[in-house]
Amino acid sequence: MNMKLVAFTNFLKVTMITFLGFMAAGTVAQEKPETDVTTPLHMMRPDYPMPYGLPEVKEIKTVLDRVFLYLDEVTPAKVVNRKTNKEITELSQITKDAMLQQGDFRLTSYEWGVTYAGMLLAGEVTGDKRYTGYAGKRLKLLADLTAFYREHPDLDVDRSSPVHSVLHPHALDDAGAMCAAMIKVEREKQDGNLRPMIDNFIDYIHNKEFRLEDGTLARNRPHRNTLWLDDLFMSVPALAQMGKLTGDVQYYDDAVNQVLQFSKRMFNSENGLYMHGWVQQMEVHPQFHWARANGWAVMTMVELLEVLPQSHPRYSAVLEQLRAHIAGLVKYQSGTGFWHQLIDRNDSYLETSATAIYTYAIARAINRGYIDKYAYASIAVLGWNAVSSMVNERGQVLGTCVGTGMAFDPAFYYFRPVNPYAAHGYGPVLLAGAEMISLLNNSFPKMNDSAVMFYPEEIKTDAPIFGVD
């Protein structure tokens, strides 16, 4: 055989073997696991199911803007003829066929009282007058209509007027949240004479709603002498705001009494949660810790402390109750940032509106100095990141439990539907986002070894601040 051919053949063999060896070595190297020696494992990014980290203010504002644009589109502030659908532009044109132009939501519900409050706060925090204008425009329309129907009661004899629940509230749901929002607008001296509506609502809450013998606000459904935790929010913020508006201490006293008397009966000091319902004649009080009702309770205390004079003899009692409730709530936040529909039952679904309310209340409590910022601020961040993921591109809030009555079995709560047209989600999202903007603007948050941290002062370095244990 030609020696040159043999040499060339051997060269090819060696080259091929060498190449295959490199390939095999590369495969082994690729399959070799990362170890504590070869890789700083503590810097590896976890596989979070929800966004984790510090949101930017502009990102929060983008979410709020999506919600605003959707709500502005689907809640027209117009009166129309129900038969012709033609807009009524003059009050003198109103007949028994007049109604508010239908959109996706009602303008006179307690949920929309929360939404008006959310719009007001978003406008205050961001400086975007569209938000405050949203609330002011719709509440002025309701004020104008209410004044007209008071002068023409014959047009509401069959309860057909668009403001019947404003003229004749028959439950705390009709009065409380709407009244509180109206007082906030009234205190800002916006256009529109809201005081007649305010006075009518507060008279119902303070003087006409059914109460137990000790003055605790109650209902006679589903049983006689029943306390609904929801009713704290449907009454106390309005009473507290009325105290601020008028300086009359009786409203403060009533508001504080409600919080402490509800808490005495319904707060579980062992787990830091409230039961949803309490019936006076029951020997045993079943505890179902429904998330949104606990949200109404924690938001109530934050709203009360906002205006309650620190000199009030039971200011500290309300503050301690708020702290106890927040300490209970944070124990049950899931790793996704959400809270569960039944807070202490991890197999119940994750719910958006309650998570938004907790996020708002915790951030507000931090911003007002009620609770420890460094212990709780990252909880609020995690909550907001979860909530923001549930606002779709159209601006709808997803994952919100529909309106819910009271029950004494778990299935009722486990299987309540969620729906983007559940109005309860929108106000809380606006409140949560606005308060998170305030928290971020007035704090020094930073990622430290991939964790969200808040510090007493700005730390100007991108390096890890402390080592990892």
Specify whether H424 and Y110 have parallel, tilted or perpendicular ring planes, treating 30° as the upper limit for parallel and 60° as the lower limit for perpendicular. perpendicular
Parallel, tilted or perpendicular: which one describes the rings of W112 and Y426, with boundaries at 30° and 60°? tilted
Filter on salt bridge (Lys or Arg N to Asp or Glu O under 4.0 Å), then keep only pairs touching residues 245-258, sequence neighbours left out; what's left?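 Sorted result for residues 245-258: R211-D254.
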For [Y], is there any backbone N or O sitting under 3.5 Å from a side-chain donor or acceptor partner on [X]?
X	Y	value
Q333	I379	yes
T352	L398	yes
Q396	V391	no
T216	L212	no
T400	N419	no
N200	V166	yes
S161	D156	no
E351	S353	yes
R292	Q341	no
Q258	L217	yes

Which pairs, with at least one residue in [range] and sequence neighbours excluded, count as a ring pair (Phe, Tyr, Trp, His ring centres under 6.0 Å)?
range	answer
residues 332-351	W339-Y358
residues 235-260	H206-Y251
residues 126-184	F68-Y131, F148-H152, H164-H168

Output all residues satisfying side chain to side chain donor-acceptor pair (under 3.5 Å) with [X], sequence neighbours left out; order by chain, then residue number.
X	result
S263	Y274
R187	Q241
D128	K61, R130
D203	N207, K208

How close do [X] and [Y] get, counting heavy atoms only, and between which atoms?
X	Y	result
S388	V63	CB-CG2, 4.2 Å
R150	P196	NH2-O, 4.2 Å
M406	L227	CE-O, 3.7 Å
A181	L120	O-CD1, 4.0 Å

Rounded to the nearest 0.5 Å, how far does [atom2] of [Y] lie from [atom1] of [X]?
X	Y	atom1	atom2	answer
L64	M436	CG	CE	11.0 Å
L239	I205	CG	CD1	5.5 Å
L139	K137	CG	NZ	12.5 Å

Applying side-chain hydrogen bond (donor to acceptor under 3.5 Å, both in side chains), which residue pairs with at least one partner in residues 88-107 are found, sequence neighbours left out?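 For residues 88-107: Y70-D104.
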Listed once per pair and sorted, the side-chain hydrogen bond (donor to acceptor under 3.5 Å, both in side chains) pairs that draw on residues 361-387, sequence neighbours left out: E306-R364, E306-R368, R364-E435, N367-E435, K373-S443
Over 12 non-hydrogen atoms of neighbours within 6.0 angstrom of NZ in K78: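 No, because the 6.0 Å sphere around NZ of K78 holds 12 heavy atoms or fewer from other groups.
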Is it true that, when you exclude Q281 itself, more than 12 heavy atoms of the residues, nucleotides or ligands shown sit nearer than 6.0 Å to its CD?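 More than 12 heavy atoms, drawn from other residues, nucleotides or ligands, come within 6.0 Å of this atom.
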Under the salt bridge (Lys or Arg N to Asp or Glu O under 4.0 Å) test, which residues partner D231, sequence neighbours left out?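 Partners of D231 under the salt bridge (Lys or Arg N to Asp or Glu O under 4.0 Å) test: R219.
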For K86, which residues count as a salt bridge (Lys or Arg N to Asp or Glu O under 4.0 Å) partner, sequence neighbours excluded?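 K86: no salt bridge (Lys or Arg N to Asp or Glu O under 4.0 Å) contacts found.
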Does a side-chain N-to-carboxylate-O contact under 4.0 Å join K244 and E186?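 A salt bridge is absent here (no side-chain N lies under 4.0 Å from a carboxylate O).
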Cationic tip of R221 within the cone over W228's six-membered ring, i.e. under 6.0 Å and within 45° of the normal?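 So R221 does make the cation-pi contact.
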I need the single residue from L145, V80, V163 that forms a side chain to side chain contact (heavy atoms under 4.5 Å, CB included) with L100. Which is it? L145
